[in-house]
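Below you'll find the structure, written out as structure tokens, and then a few comments.
In what follows, chains are A, B, ... by sequence order, proteins preceding strands, each numbered from 1.
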Protein chains: 2
Amino acid sequence: MLTQRAKYGLRAMCILAADTTGRPTLPIHELAERGHIPQKFLEAILLDLRRHGFLTSRRGKAGGYALARAAAEIPVSEVIRALDGPLAPIPCASLTAYQPCTDCPDPPSCEIRALMRQVRDATARILDGTSLAQLAAEGETPEESAKENA
Amino acid sequence: MLTQRAKYGLRAMCILAADTTGRPTLPIHELAERGHIPQKFLEAILLDLRRHGFLTSRRGKAGGYALARAAAEIPVSEVIRALDGPLAPIPCASLTAYQPCTDCPDPPSCEIRALMRQVRDATARILDGTSLAQLAAEGETPEESAKENA
DNA sequence: ATAATTCCTATCGGATTGATGGAGATTGAA
DNA sequence: TTCAATCTCCATCAATCCGATAGGAATTAT
């Protein structure tokens, strides 16, 4: 599951990536407002993203947040890993955070693990291959919007 | 996340699918033992799977559980949906259980939703395309086992 | 100084998850 | 008929996670 946390974090970073105002930073209250995100909650999320090196910040009046790197250099997968943890549906199928099941007699021969590894790989392929820049741009290219809904 | 619940359920169904003893049913205690699953917990899971139509059961002495359909006719995706809910990482990206985010101004143009829809589709492609029979057989074909681990 | 802002820690209620206990109901066999 | 094995059902529990908020300290431009 993508938590609210990760969803809010991505949304805020998209706003930063798509910002055209030319201002060096955007304050939390503006990100919260534009992203429909509870401000206090967003505060904690942005702090976390800064500690992970995705954002830079300025304190004091006229302070705020900005992306630490170019949006094209930030894979969505990294942001999600930072906020929600490993992509794999089960720890024994994770590459970046492998943890064997305590109840599994032999992980290498576990059928469920092999299948979940496939799911993980497919997910990682998509999310590693999508940068924040692409994500932020997606809203502007309404190609897919036709075959959407329910 | 794949919960313990779904993992245990799949594992038990694999044992049923792979069973060669010729017995019409297997009792819970045997499934629990062979699958390293807490028996009482498994009890609740099997009951749930039965209610969803995946299993049949017999009470009384020499009773137990059996698959209600051929293993080849049971997609893994359905079992997971029954035990864990929708496959999509976020409800607004689900086909079978669509729910819009309350904080999203316009789902059709939501970039995050579009991306998560891709993840959902990739996941569904794998899990819809894998039957319980295939899952149960996977352990016996050790092709993939070489490039495994960590 | 003052106002605007980030930073930090603590906390909270609610839901979910994994798991267990115990009391029936049913069945086959001795 | 009795008994043991088995599924059925309901209730409950502790731990964890999740979303969110409170309150204050530090920093900075004006």
Side-chain angles (χ1 to χ4, degrees), chain A residues 1-12 16 23-33 35-52 54-68 80 83-86 89-91 99 101-104, chain B residues 1-12 16 23-33 35-52 54-66 68 80 82-86 89-91 99 101-104:
Chain A
M1 264 289 289
L2 194 78
T3 61
Q4 293 282 91
R5 208 176 152 69
K7 189 180 71 174
Y8 289 159
L10 281 175
R11 201 185 286 162
L16 287 172
R23 280 177 290 170
T25 66
L26 294 184
I28 294 179
H29 74 84
E30 185 171 339
L31 292 169
E33 193 179 353
H36 304 98
I37 306 170
Q39 175 162 345
K40 256 322 208 176
F41 193 19
L42 181 58
E43 194 179 305
I45 297 167
L46 295 180
L47 216 44
D48 203 359
L49 287 172
R50 193 205 49 143
R51 292 202 188 99
H52 274 90
F54 294 111
L55 300 178
T56 56
S57 62
R58 265 182 65 98
R59 283 153 83 131
K61 206 165 182 179
Y65 281 92
L67 297 180
I80 293 180
L83 294 177
D84 272 4
I90 187 169
Q99 281 285 115
C101 299
T102 59
D103 55 281
C104 188
Chain B
M1 266 291 288
L2 193 78
T3 61
Q4 292 284 89
R5 209 177 151 69
K7 189 180 69 172
Y8 290 159
L10 281 175
R11 201 184 287 163
L16 287 172
R23 279 178 290 170
T25 65
L26 295 185
I28 294 179
H29 74 83
E30 185 170 340
L31 292 170
E33 193 179 352
H36 304 98
I37 305 169
Q39 175 161 343
K40 252 326 209 175
F41 192 20
L42 180 58
E43 197 179 301
I45 297 167
L46 295 180
L47 216 45
D48 202 359
L49 287 171
R50 194 205 48 147
R51 292 203 189 96
H52 275 89
F54 294 109
L55 301 177
T56 57
S57 62
R58 267 182 65 97
R59 283 153 82 131
K61 207 166 184 178
Y65 282 91
I80 293 181
L83 294 178
D84 273 3
I90 187 170
Q99 280 285 114
C101 300
T102 58
D103 55 281
C104 189

Distance-only donor-acceptor hits, side chain of residues 35-46 of chain B, under 3.5 Å, sequence neighbours excluded:
{"from": "B:Lys40", "atom 1": "NZ", "to": "B:Glu43", "atom 2": "OE2", "distance (Å)": "3.2"}

* Structure fact -> Nearest-nucleotide check on DNA chain D, A:Met1 vs B:Leu26; residue mapping nearer the 5' end is B:Leu26

* Remember a base hit wins even if backbone is also touched, and classify B:Ile28 as base, sugar-phosphate or nothing at under 4.0 Å, heavy atoms. => sugar-phosphate

* Asked: What are the two closest heavy atoms between B:Pro89 and A:Met1, and how far apart are they?
  -> O-SD, 3.0 Å

* Asked: Contact boundaries of DNA chain D with chain A (under 4.0 Å, heavy atoms), 5' to 3'?
  -> D:dG19 to D:dA29

* Structure fact -> Closest non-hydrogen contact found for A:Leu83 with A:Ala6 is CD1-CA, 3.7 Å

* What closest approach, in Å, do A:Leu16 and A:Tyr65 show between heavy atoms, and which atom pair accounts for it? -> CD2-O, 3.5 Å

* To do: Would you give a per-nucleotide map of nucleotides 18-30 of chain C, 5' to 3', where B means the base has a protein non-hydrogen atom under 4.0 Å away, S means only the sugar-phosphate does, and - means neither?
  => SBBBB--BBBB--

* **Heavy-atom closest contact (A:Leu31 atom, A:Ala12 atom, distance)** => CD2-O, 4.0 Å

* **Heavy-atom pair of closest approach, residues B:Asp103 and A:Lys7** => OD1-NZ, 3.0 Å

* Hey, could you give me the CZ/CG distance between A:Arg51 and A:Asp48, rounded to the nearest 0.5 Å? => 6.5 Å

* **Minimum heavy-atom distance A:Cys101-A:Ile90, with the two atoms named** => SG-CD1, 4.2 Å

